[in-house]
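Chain letters run A, B, ... following the sequence lines, proteins first and then strands; every chain starts at 1. Since the structure is predicted, the reported quantities are computational estimates derived from the model, not experimental observations.
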Amino acid sequence: MLPFCLVWLAQISGQERRSQCSGARLSTMASTYELLLAPLRAAFDTLEPGADPVLRTSEHGDYQANGVMALAKKLGRPPRDVAREIVDRADLADLASVEVAGPGFLNLTLRPTLIQDQLSALLGDDRLGIEVAPARTIVIDYSAPNVAKEMHVGHLRSTVIGDALARMYRFAGHRVIARNHVGDWGTPFGMLIEHLLDVGEDEAVASLSIGDLDSFYRAARVKFDADDPFKDRSRARVVALQSGDVETRRLWKILVDQSITYFNQVYALLDVTLSPEDVVGESHYNAMLGAVVADLDGLGLLVESDGARCVFPPGFTNRDGDALPLIVQKRDEGYGYAASDLAAVRDRVEALHADEILYVVGAPQAQHLEMVFAVARLAGWLPEHVRCEHVTFGNVLGADRKMFKTRGGETVKLVGLVDEAIERAAASLRQRDNGLDGEGQQRLATQIARAAIKYADLSTERQHDYVFDLDRMVAFEGDTGPYLQYAHARLCSIFRRLGAPWRPVHVTFGLDALQERNLALALLAFPEALEMSFVTFQPHRLCVYLFDLAQRFTAFYDACPVLASTGPLRDERLALCDLTARTLSIGLSMLGIDAPEQM
RNA sequence: GCGGCUGUAGCUCAGCGGAUAGAGCAUCGGUCUUCGGAACCGAGUGUCGGGGGUUCGAAUCCCUCCAGCCGCACCA
């Protein structure tokens, strides 16, 4: 059996945890972990104020407190003596039995009554111990594809992680404003519009509407590089676009609208909650850029350098050790993305009243965003109380461990990836007999495919680089989304066979079988698992938890017959099944993964 | 050069101050008239990149070296 997945909770115990949660982002019922921690901390405090019990889950007991050794060292006393004293002083009698082990570990075994009470509380709670938090307004910036460019695997992370965070925040009770900061502005639009004119509007729309964005872009690029008159026209067109020429604007809008229509198809295919109203691209901030520059100037922050208008936030240097500028207005008087990013921060605080802004953007943008945040703070557009975080994620790498390039012909379209996964899921379904009709099969294949892709992305640590591996993404066995769905489907099957709806009444949790107890302990850990995921912006923590839960369930399922059992035992097992099914379903929903009832 | 990230089993990855370093895949062996086998049980595999240091205790913290990736003034 796996060590309990809750170990990482130790990381955010005590003060750190409280301070990280200062925004009241997730409220939970008194969790098992917290119930144990409080008396332990009190006992430690009597010997050394502020000493940390270092409570965590363990293979050597249900929980383990490791803080005694450090405390003993500090006190200059034998650790086992200190351990015994802590045991005497800690008011744990109703909660757990404690045993001193090894050099001074405290191994805690939960009392059956505690498990009983905690499980009963979860059983009667639709939200599984997660309370609705006082609402805060959270702006989450994610996905952000470029107009007239394909969505490829590089966009998957931002889209899927951002959407998972949005769902988690919504479940926690917050007001989420999604912002899809699409790249709909800048110099490439000159050549794109000219190309559109060359091929004709109807032709262009036809090609873009079928999602053939890359070849459109590539064709424009080729002409731009090889054809000087075209290049001149393109440059003139950029000027016309920026100066608000009506006809140019209309042509530009065609490109934007077609692309957004296409993006929405991809979002629908992936079941991403982004809607057209969430699309607020770079162009949206155009009207605010003049004020950004003027106000920075008024604040005395603007410095002219090499003809460009810049802000030099303290603490940033370039390769020569000189101060590094954030260029808000270029020498040619055009605005760069720094200006629109500043305008966006300002808009999100002033117009949207954000309490918190999250940027789900790749790690290469880290310095740029830090500078933008720094300048926004300097300008007073980003007050202290507004939390602003760059939720980074690693690069997408190819099999050669080098940056996954869009050029070089090995582009993997996002839709291509999903199609491949659907194809494989459908093939797998054809070998089963689940009684679904063709349409149902197709819908199910799509749900399974999405689960495979999203889980593959979400289940790895966000900040690490990401080796793109199609077979892994589309796999259905082992530590995968479909494995979790399957566990859920089996649970639903039990209740389906039951015939009548099952209502929990006075369930007694004996938990005599090891597998029952293992499962129960995992169920109690859901609030912490979600909290960890939430506080660290790491959906993969939730993935790890859910996989562990599903594994414990299948071990239980294998060893403990539910429907064949009778009396209180049957109710107990049904209750464990009910809790497991709901935990899986709610957990998966926060990852943006459906939990079908059969598959 | 400065800054950031990464280096853990054959492969893909967890673990990030605690007791013998874990999963999944792959390999081998079992369960096999199934509350749905996309499952379960078991087996083997590791100088946790190298070297120092801190600590009762280091994959985890610090220093250093090696290897790789990313960023570092007008593309976004």
Side-chain angles (χ1 to χ4, degrees), chain A residues 2-3 5 7-8 10-11 54 56 58-60 64 66-67 69-70 72-73 79 101-105 107 144 146 183 185-188 282 305-310 316-322 324-332 334-338 340-341 362-368 370 392 394-395 397 401-403 425 428-429 431-434 448 456 459-461 463-465 467 469 471-472 475-480 482-483 485-487 489-498 540-541 543-544 547-548 551 554-555 557-565 573 577 598-599:
Chain A
L2 278 174
C5 62
V7 266
W8 11 268
Q11 291 166 38
V54 193
R56 52 185 293 168
S58 165
E59 308 169 60
H60 301 281
Q64 173 181 90
N66 298 327
M69 278 83 79
K73 176 79 178 172
F105 297 108
N107 291 331
N146 290 314
W185 203 250
T187 46
E282 292 167 344
S305 172
D306 257 348
R309 313 182 81 185
C310 314
F316 296 91
T317 54
N318 69 12
R319 69 186 79 212
D320 301 319
D322 301 327
L324 188 64
L326 187 69
I327 298 174
V328 286
Q329 193 168 19
K330 297 181 287 184
R331 196 182 313 155
D332 66 4
Y335 299 102
Y337 75 147
S340 57
D341 282 346
Q365 299 292 329
Q367 189 180 55
H368 169 253
E370 273 178 49
T392 64
N395 298 312
L397 305 180
R401 291 224 151 238
K402 294 220 167 125
M403 196 71 166
S428 172
L429 284 172
Q431 317 210 328
R432 292 155 212 277
D433 182 20
N434 58 13
I448 294 168
S459 63
T460 80
E461 214 269 339
Q463 320 194 36
H464 290 6
D465 286 348
V467 174
D469 177 354
D471 284 332
R472 178 175 151 265
F476 303 144
E477 285 166 10
D479 186 4
T480 64
Y483 173 87
Q485 291 179 312
Y486 184 63
R490 292 170 115 184
L491 281 157
C492 291
S493 174
I494 290 175
F495 288 100
R496 207 179 305 125
R497 281 171 160 269
L498 201 57
H540 102 272
R541 307 270 197 184
C543 293
V544 168
F547 179 60
D548 181 47
Q551 277 192 314
T554 44
Y557 182 86
D558 210 60
C560 306
V562 178
L563 295 175
S565 59
R573 290 182 173 170
C577 287
Q598 26 182 329
M599 56 190 286

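- For the OP1/OP2 pair of rG15(B) and a distance below 4.0 Å, the side-chain nitrogens and oxygens of H540(A) include at least one atom meeting the criterion.
- To the nearest angstrom, P of rU12(B) lies 21 Å from CZ of F476(A).
- Nucleotide rC72(B) holds its P atom 11 Å from the NE2 atom of H368(A), rounded to whole Å.
- Stacking here means ring centres nearer than 5.5 Å and ring planes tilted less than 30 degrees, and by that measure Y486(A) does not stack onto rG36(B).
- Each of M599(A) and A366(A) was matched to the nucleotide of RNA chain B holding its nearest heavy atom; the match closer to the 5' end belongs to A366(A).
- We find the CG-CD distance between D341(A) and Q365(A) to be 8.0 Å, quoted to the nearest 0.5 Å.
- Contact annotation for G183(A): no contact, since no heavy-atom pair falls under 4.0 Å across all strands.
- Taking only side-chain atoms of L324(A), from C-beta outward, the nucleotide of rC69(B), rC72(B), rG36(B) with the closest atom is rC72(B).
- In this structure, F547(A) places its CZ atom 16 Å from P of rC13(B), rounding to the nearest Å.
- A side chain to side chain donor-acceptor pair (under 3.5 Å) with N107(A) holds for exactly one of Q64(A), H60(A), E59(A); it is Q64(A).
- Set against rA76(B), rG36(B), rC13(B), the side chain of V467(A) has rC13(B) as its closest nucleotide.
- Annotation: the span from D548(A) atom CG to C543(A) atom SG amounts to 12.5 Å, rounded to 0.5 Å.
- Base pairing of rA19(B) is not made with any nucleotide, judged by Watson-Crick or G-U wobble geometry with both donor-acceptor distances under 3.5 Å.
- Considering only side-chain N and O atoms, Q551(A) lies under 4.0 angstrom from the phosphate OP1 or OP2 of rG24(B).
- Between the side chain of E477(A) and the base of rA39(B), no donor-acceptor pair of N or O atoms lies under 3.5 Å.
- Put simply, the side chain of T187(A) and the base of rA76(B) share no donor and acceptor less than 3.5 Å apart.
- Distances shorter than 4.0 Å separate some side-chain N or O of T554(A) from OP1 or OP2 on rC40(B).
- The residue A70(A) sits close to a base: some heavy atom pair falls under 4.0 Å.
- Rounding to whole angstrom units, CZ of residue F316(A) and C1' of rG3(B) are separated by 10 Å.
- Nucleic acid contact for T460(A): sugar-phosphate only, since backbone atoms but no base atoms lie under 4.0 Å from a heavy atom of the residue.
- At a threshold of 4.0 angstrom between heavy atoms, the contacts of L429(A) include nucleobase atoms, whether or not backbone atoms are also involved.
- Straight-line distance from the OH atom of Y483(A) to the P atom of rU12(B): 23 Å, rounded to whole Å.
- A489(A) comes within contact range of at least one nucleobase, with a heavy-atom separation under 4.0 Å.
- rU60(B) and rA76(B) have their C1' atoms separated by 38 Å, given to the nearest Å.
- Across all strands shown, rA14(B) forms no Watson-Crick or G-U wobble pair with both distances under 3.5 Å.
- Within 4.0 Å of P364(A), counting heavy atoms only, lie sugar-phosphate atoms of the nucleic acid but no base atom.
- Here the side chain of R472(A) is nearest to one of rG15(B), rA38(B), rU12(B), namely rU12(B).
- Protein atom CG of N66(A) is 8 Å distant from nucleotide atom P of rA19(B), rounded to whole Å.
- Place Q365(A) and Q64(A) on RNA chain B by their nearest nucleotides, and Q64(A) ends up nearer the 5' end.
- Contact annotation: H464(A) does not reach the phosphate of rC69(B) (side-chain N/O to OP1 or OP2, under 4.0 Å).
- For a distance-only test at 3.5 Å, the side chain of N107(A) qualifies as a donor-acceptor partner of the base of rA19(B).
- C492(A) comes within contact range of no nucleotide atom at all, as no heavy-atom separation falls under 4.0 Å.
- Here the CH2-CG distance, from W185(A) to N146(A), works out to 14.5 Å after rounding to the nearest 0.5 Å.
- Residue-level contact check: A101(A) touches the bases, meaning some heavy atom is under 4.0 Å from a base atom.
- Between the side chains of Y483(A) and T554(A), at least one donor N or O lies within less than 3.5 Å of an accepting N or O.
- Taking CZ from R309(A) and OH from Y335(A), the interatomic distance works out to 8.0 Å, rounded to the nearest 0.5 Å.
- When distances run from any side-chain atom of Q367(A) to the nucleotides rG36(B), rA73(B), rG71(B), the shortest one goes to rG71(B).
- Nearest to the side-chain atoms of P325(A) among the listed nucleotides rA73(B), rG24(B), rA38(B) stands rA73(B).
- Distance check: F495(A) CZ to L563(A) CG gives 8.5 Å after rounding to the nearest 0.5 Å.
- One C1' atom belongs to rA67(B), the other to rA43(B), and the distance between them is 35 Å to the nearest Å.
- Between F105(A) atom CZ and rA19(B) atom C1' there is a gap of 4 Å when expressed in whole angstrom units.
- Regarding contacts with the backbone of rA73(B), every side-chain N or O of R309(A) stays at 4.0 angstrom or more from both OP1 and OP2.
- Across all strands, T392(A) comes closer than 4.0 Å to no nucleic acid atom at all (heavy-atom distances).
- Within 4.0 Å of L326(A), counting heavy atoms only, lies no atom of the nucleic acid at all.
- Applying the 4.0 Å criterion to OP1 and OP2 of rC35(B), one finds that R573(A) has every side-chain N and O outside that range.
- In this structure, the nucleotide among rC40(B), rC13(B), rG1(B) sitting nearest to the side chain of R319(A) is rG1(B).
- Taking 4.0 angstrom as the limit, Y557(A) places a side-chain polar atom (N or O) nearer than this to OP1 or OP2 of rG36(B).
- Rounded to whole angstrom, the span from the CG atom of N395(A) across to the C1' atom of rU6(B) amounts to 10 Å.
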